[in-house]
Student: 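Here it is: the structure, laid out below.
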Amino acid sequence: MYPLYKSLNLSKIDESIREFWEEHNIFEKSIEQRPVENSFVFYEGPPSANGKPGIHHVMARTVKDMFCRYQSMKGKRVERKGGWDTHGLPIELAVEKELGITKEDIGKKVSVDEYNKACRETVMRYKDMWDDLTRKMAYWVDLEKPYITFENTYIESVWYLLKRLYDKDLLYKGYTIQPYSPKAGTGLSSHELNMPGAYKDVTDTTVVAQFKAIPDTLPDFLVGEEHLHFLAWTTTPWTLPSNTALTVGPKIDYVLVQTYNQYTFQPVQLILAKALVGKQFSGKYEAVEDAADLANYEAGAKKIPYFIKKECKGADLVGIRYEQLLPFALPAENPENAFRVIAGDFVTTEDGTGIVHTAPTFGADDAMVAKKANPPVPPLLVKDQQDNLVPLVDLQGKFRPEMGEFGGQYVKNEYYMNDDAPDKSIDVQLAIKLKTENKAFKVEKYVHNYPHCWRTDKPVLYYPLDSWFVRSTAMKDRMVELNKTINWKPKHTGEGRFGKWLENLQDWNLSRSRYWGIPLPIWRNEDGTKEICIGSLEQLQTEIDKANAALGKTQEVPKDLHRPYIDDIVLVTEDGEPMHRELDLIDVWFDSGSMPYAQWHYPFENQEKFKTNYPADFIAEGVDQTRGWFFTLHAIGVMAFDSVAFKNVVSNGLVQDKHGQKMSKSKGNAVEPFETLATYGLDATRWYMISNAQPWDNLKFDADGIGEVSRKFFGTLYQTYNGIFAQYANIVDFNYKEDYVPLAERKSIDRWIISKLNSLIKDVNADYADYEPTNAARRVQNFVDRDLSNWYIRLNRKRFWSQSYGKDEITAFQTLYDCLVTVAKLMAPISPCFADWLFRNLNDASQKEGAESVHLADFPEADESAIDTALEERMNYAQRISSLILSLRKKENLRVRQPLAKILLPVLDPSFIEQVDGVKDLILSEVNVKEIEYLTDASGVIKKRIKPNFKTLGRRLGKDMKAAAQAIGGFNQDDIANLEKTGSYTLVVGDNSHELTLEDFDISAEDIPGLLVANDGPLTVALDITLDDQLLAEGTARELVNRIQNIRKSKDFNVTDRITIYLEQNDAVVPAVEHFKDYICNETLATSLSLTDAVADGEKIELPNEVSIGIQVEKA
RNA sequence: CCCGAAAUGGCGCAAUGGUUAGCGCAGCUGUCUUAUAUGCAGAAGGUUGUAGGUUCAAAUCCUACUUUCGGGACCA
């Protein structure tokens, strides 16, 4: 017996199926039943369990799950090792907030042990919730043996990878400009900079400085100009002593302006961007037309005249040298290359002067453009007492002694404690100095947005810091090359976003100065001349032994490889000199990018396992991981193993709210995943997500859409199974025990749906294989709704509830069973529970297949021999012709229950008759008409329409196409007839004549004058609507059947109950009863039908033409 | 500022450069049903974001712009 249900409850179904899986270890079986050699490798990008999962995780994990399930059903062994990302700043912050401490308190208020322990616990804070989601959304992933990035085995593998890079000379230590908080003494990540409130409006003293050009170095067109200065603007005057270059935009227009300095009244000539003259020379400045007018100026006058003397491009200025603005110190290295004009593309004329003050020690752009220049411009670094190169500002944020009277002062007043700050900040003091030295063109207050340290609330300095880098640029070309072998979904992410990113690759800053993360396994001696990179615990042990011997210590490999334990380990150089660990941790992205190796503790264990599981066939994550996980996987794969780490990657888009807005807790539009899953069930939720938008498009998540999916798709499918198949199959005891009825012996409608089904199988396979799940889902949906339910079932209902059970019925049940069980398999990857429910409902009763779950079954393969495109086309005619007839009936208010005499079909092509004849009976019964008559051309009543065939003609006719279309449009019926007779036509357009054949035209029937006609594209049908008594009587009989059936239903009779009918004598029904008594009785399972004068206690039924009669229906 | 994606009836989505731009949802009108959480038919709803260009022909290709989303601006 097939189970029957009272109603469809999707969440109940998914719950019961999930229980079934767990009880019978279906997941495990789905892996183990497939051979090891035939693997499909999937990598799980580790989520961080210290945040709660959201609805977007349901989306992302559906994508992962779907393709894994598909491949699994295709016979692949798909292991899915889960993992947890456990390091990183968010975890540290959460812990510190919870413990109420700051970084400084670590080791003081809180022991490092406690801190570490707290991190370990916090990191798994929401693990239960994640596990719950995993289960409730039916995401199959192995959470029994996940990889966890904080475990020693994982760290050891990461160390191995780092050492591999180190040995290839791909790790180095260098300077980079980073946001730095002097008060906190630490660099800040952008993550920290992006914390709410970090950017604040501040008022700073800004200076437009005058840099005096050195006459010897001027290009020809400026030779001889005196008092020549470049104007450059800065909002951070304290960086001016570190200026070593001025940057101009090579394509920007610059002018030479002759005027007077407003502070010293001295004559000056100034160079700045043409576009900014108006902005800089505002207020008391006044343009003059003639250079002579400048001479009239007197010092201190209200208005200062200025005159634009010359114009040039930025490129013309490159190479000019200038006097150092504030000569406190010279760059320690290559000072001869400093203080000159260089070119940079980032220069704009938005504000300032179009000339950028360039201090490579304090600006990232500055450092880059300085390095690019030829020869490179040196940063202003000086040597400290240990001969280290340091900037003019120290790590506390104070000027170094080289700065003379400014030495020892904080560069920003905010850094002073309490009230120690001087009245005039460094910026103001410098501005005053510049003013008096004729080096300041303008000094102003300026309000702008500037980042602050979230912890100290003090402004951030951009400051050069020591960092360890991965020399990814060295392997750039190879990364680009190998990326081209990766199948990206969508393509543009791989070519565009990722490809461009690779082409503009920078070295990867690996350093993080934190506690909770993987320590950089590099030890260095005091002066940094000797170092060692540790690649395994064994090596660490060896080195510790050496060190213990040399230093007389008793160190051991720490049980926990995290800080600070690892920091206590002192190693020695070959000379016995102590080496200490570089205190940095590594970027957590390196952790996750290491997972292909570290999840197996490769190469220390599982070497074989690794070999068969690398690289991945498939990974999927959000598009935001492009430069995150996707990159680190790829970079490490290429750099360490010269291999891609994944072959196919789906980068899914965002899940937004229904208005296209980003979901966030603060907006209150975040969708709660558990609620959604509980309300709609996981199957409808997943189906909705996949069918509604392609995974890489942003999904506008609207719960109403899930409702629609569950009504339309799941409701239909449920009803097809429950209301049609199971109910009647149980009655006739269909268990698929009979021999399979060969296709050739089936009705054309059966062969049609089977053909459709196999086409579907073929297409869906291609879609899944090509990572196009949305197409797959939409195809299945259309099949179920349009083909199966609304055509096949509708036309074959009677075969299912006919009480007899012969070959025809068996065929129908077999056909429907096959459709249903196949649909279950096709949809299984997307909606795994409902699919299994359907599969098991069918299969448990029929025992047709051995699989105990759809997920252990094989994915269907198309039987090409069952695909009959001619038949599919035929049926398409049937559907369209029926639809046209129904619309004609509608127009004329002719009920379908009223039979009509005939359909007239104009025929222009003999094969058309053959095609339609094949489905004639279907059409006739569907639209309730007695016969089809073909109107051939010869009848002469068909009015035709002609159109040019643009596809064949367009290419040949080119420019004449328009005229041709017009000419052809003007054809009358005779022209068309003529063309059809001769089969050719000579078209003359202007001077050209073209020989056209029938192929170049579309001729279709348009009208049959005098008849009721409707068109759909080339199809035309006409309807004969004359009614005779016989037809009217039959129409009435059908009405009666309908009313009687309604009564049966309202009286809750069983489907099989027999009845007796008494009908009130009435002229309207007499002919019907006379001629169609048997028909009425058959349809309504009546044993008798009698006409009586009056019906004692029956009911009234309404018939057309406002006839109302009494009727009595009783169980026989 | 740079890069990528998108823009098609009220909403969600389709449409190998080829002539009536489709489908679903919602709303409207009517209707069928002993499978319906349906279905069917009809009406309405569009200058395919704007402006140019290429072409015989553009929703589709090109350019610019506008808007939205995302990423980046050295944290990846």
Student: Both distances under 3.5 Å, Watson-Crick or G-U wobble: report the partner of B:C1, or none.
Tutor: B:G72
Student: State which of B:G12, B:A14, B:A37 makes the closest approach to the side chain of A:Leu8.
Tutor: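 Of all the options, the side chain of A:Leu8 is nearest to B:A37.
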Student: With a 4.0 Å cut-off on heavy atoms, is A:Trp801 in touch with a base, just the backbone sugar-phosphate, or nothing at all?
Tutor: sugar-phosphate
Student: For A:Gly954, report the nucleic acid contact type (base, sugar-phosphate, nothing); a contact means any heavy atom under 4.0 Å.
Tutor: base
Student: What residues form a side chain to side chain donor-acceptor pair (under 3.5 Å) with A:Asn796, not counting sequence neighbours?
Tutor: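 Testing A:Asn796 for side chain to side chain donor-acceptor pair (under 3.5 Å), a comparison that skips the adjacent residues, returns A:Arg799.
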Student: Is the ring centre of A:Phe631 less than 6.0 Å from the ring centre of A:Trp508?
Tutor: yes
Student: What's the closest nucleotide to the side chain of A:Met961 if the choices are B:A26, B:U20, B:G18?
Tutor: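 So the nucleotide nearest the side chain must be B:G18.
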Student: Taking atom P of B:G70 as reference, at what distance in whole Å does atom NE2 of A:His492 sit?
Tutor: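 Going from A:His492 (NE2) to B:G70 (P), I get 16 Å.
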Student: Take the angle between the ring planes of A:Phe725 and A:Phe734 and call it parallel below 30°, perpendicular above 60°, tilted in between.
Tutor: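 Ring orientation of A:Phe725 relative to A:Phe734: perpendicular.
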Student: Just to confirm, is there a sub-4.0 Å distance from OP1 or OP2 of B:C40 to any side-chain nitrogen or oxygen of A:Ser883?
Tutor: no
Student: For residues A:Phe362 and A:Tyr462, establish whether the separation of their ring centroids is below 6.0 Å.
Tutor: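 When the ring centroids of A:Phe362 and A:Tyr462 are compared, they turn out to be at least 6.0 Å apart.
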Student: Applying a 4.0 Å non-hydrogen cut-off, can you work out what A:Trp696 is touching in the nucleic acid: base, sugar-phosphate, or nothing?
Tutor: nothing
Student: From B:C56, B:G12, B:A37, pick the nucleotide closest to the side chain of A:Lys700?
Tutor: B:G12
Student: For A:Asp763 and A:Arg779: C-alpha separation, side-chain torsions, deciding distance, then whether salt bridge (charged side-chain N to carboxylate O under 4.0 Å, His left out) applies.
Tutor: CA-CA 8 Å; A:Asp763 293 340; A:Arg779 278 187 220 281; 3.6 Å; yes
Student: How far, in whole Å, is B:G4 from B:A43 if one measures between their C1' atoms?
Tutor: 43 Å
Student: Remember a base hit wins even if backbone is also touched, and classify A:Asn949 as base, sugar-phosphate or nothing at under 4.0 Å, heavy atoms.
Tutor: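 Contact class for A:Asn949: none.
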Student: Let's test this: given Watson-Crick or G-U wobble pairing with both distances under 3.5 Å, identify the partner of B:C23.
Tutor: B:G12
Student: Can you check whether A:His634 and A:Phe498 have ring centres sitting under 6.0 Å from each other?
Tutor: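 Ring centroids of A:His634 and A:Phe498 are less than 6.0 Å from each other.
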Student: Now, which nucleotide makes the Watson-Crick or G-U wobble pair with B:U55, with each of the two distances under 3.5 Å?
Tutor: none
Student: Rounded to the nearest Å, what distance is computed from the CG atom of residue A:Asn928 to the P atom of nucleotide B:C40?
Tutor: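 A:Asn928 atom CG is separated from B:C40 atom P by 19 Å.
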Student: Using atom C1' of each nucleotide, how far apart are B:A64 and B:G71 to the nearest Å?
Tutor: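 Approximately 23 Å lies between the C1' atom of B:A64 and that of B:G71.
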Student: Does B:A43 have a Watson-Crick or wobble mate here (both distances under 3.5 Å), and if so which one?
Tutor: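 By the stated definition (distances under 3.5 Å), nothing pairs with B:A43.
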Student: Taking the P atom of each, how far is B:G10 from B:U54, in whole Å?
Tutor: 32 Å
Student: Can you tell me how far C1' in B:C2 sits from the matching atom in B:U55, rounded to whole Å?
Tutor: 33 Å
Student: Does the side chain of A:Lys712 get closer than 4.0 angstrom to OP1 or OP2 of B:G39 through an N or O atom?
Tutor: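 Affirmative; the distance criterion is met.
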Student: Say you pick atom C1' in B:C62 and the same atom in B:G70; how far apart are they, in whole Å?
Tutor: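 Comparing C1' positions in B:C62 and B:G70 gives a spacing of 25 Å.
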Student: Which part of the nucleic acid, if any, lies within contact of A:Ala693, taking any heavy atom under 4.0 Å across all strands shown: a base, the sugar-phosphate backbone alone, or nothing?
Tutor: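 Touches sugar-phosphate only.
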Student: Please figure out whether A:Thr774 or A:Leu510 has its closest RNA chain B nucleotide nearer the 5' end.
Tutor: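 So the residue in question is A:Thr774.
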Student: Starting from the 5' end of RNA chain B, give me the residue, A:Arg1038 or A:Thr493, whose nearest nucleotide shows up first.
Tutor: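 On the 5' side of the pair lies A:Thr493.
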Student: Using the P atom as the reference point in each nucleotide, state the distance between B:U19 and B:U29 in Å, no decimals.
Tutor: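 Result for the P pair: 35 Å, nearest Å.
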Student: Among B:C25, B:C69, B:C32, which is the nearest nucleotide to the side chain of A:Asn1042?
Tutor: B:C32
Student: Out of B:G12, B:C32, B:C69, which has the shortest distance to the side chain of A:Leu654?
Tutor: B:C69
Student: For a quick test of reading the model: is some side-chain N or O of A:Lys500 closer than 4.0 Å to OP1 or OP2 of B:C3?
Tutor: no
Student: Just name whichever nucleotide pairs with B:A64, Watson-Crick or G-U, keeping both distances under 3.5 Å, else none.
Tutor: B:U50
Student: In the structure I gave you, are the side-chain heavy atoms of A:Phe469 and A:Leu510 within less than 4.5 Å of one another anywhere?
Tutor: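 A:Phe469 vs A:Leu510: side chains apart.
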Student: Considering every strand and a 4.0 Å limit on heavy-atom distances, what is the contact class for A:Leu953: base, sugar-phosphate, or nothing?
Tutor: nothing
Student: Suppose you measure atom P in B:A73 against the same atom in B:G18; what distance do you get, rounded to whole Å?
Tutor: 42 Å
Student: Just to be sure I understand the rule, does A:Phe631 reach a base, reach only the sugar-phosphate, or reach nothing, if contact means heavy atoms closer than 4.0 Å?
Tutor: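 Contact class for A:Phe631: sugar-phosphate only.
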Student: What interatomic distance, in whole Å, is found between P of B:C3 and the corresponding atom of B:U50?
Tutor: 24 Å
Student: A:Lys371 versus A:Pro360: any side-chain heavy-atom pair under 4.5 Å?
Tutor: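 Side-chain contact under 4.5 Å: no.
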Student: Can you measure A:Phe469 atom CZ to B:C75 atom C1' for me and round it to whole angstrom units?
Tutor: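 Answer to the nearest Å: 11 Å.
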Student: Rounded to the nearest angstrom, tell me the gap between atom CG in A:Asp697 and atom P in B:A5.
Tutor: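 About 12 Å, once rounded to whole Å.
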Student: Expressed in angstrom and rounded to an integer, what is the separation of A:Arg794 atom CZ from B:U38 atom P?
Tutor: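 Distance, rounded to whole Å: 16 Å.
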Student: To the nearest Å, give me how far apart CZ (A:Phe950) and C1' (B:U60) are.
Tutor: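 Spelled out: CZ on A:Phe950 to C1' on B:U60 is 17 Å.
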Student: Could you give the CG-to-C1' distance, from A:Leu699 to B:C13, as a whole number of Å?
Tutor: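 Rounding to the nearest Å, CG of A:Leu699 and C1' of B:C13 are 12 Å apart.
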Student: What does A:Arg778 touch in the nucleic acid at a heavy-atom separation under 4.0 angstrom: a base, only the sugar-phosphate, or nothing?
Tutor: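 Result for A:Arg778 = sugar-phosphate.
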Student: For the pair made of CG in A:Asn790 and P in B:A41, what is the distance, rounded to whole Å?
Tutor: 10 Å
Student: Looking at B:C25, B:C56, B:A37, which one has an atom nearest to any side-chain atom of A:Ser7?
Tutor: B:A37
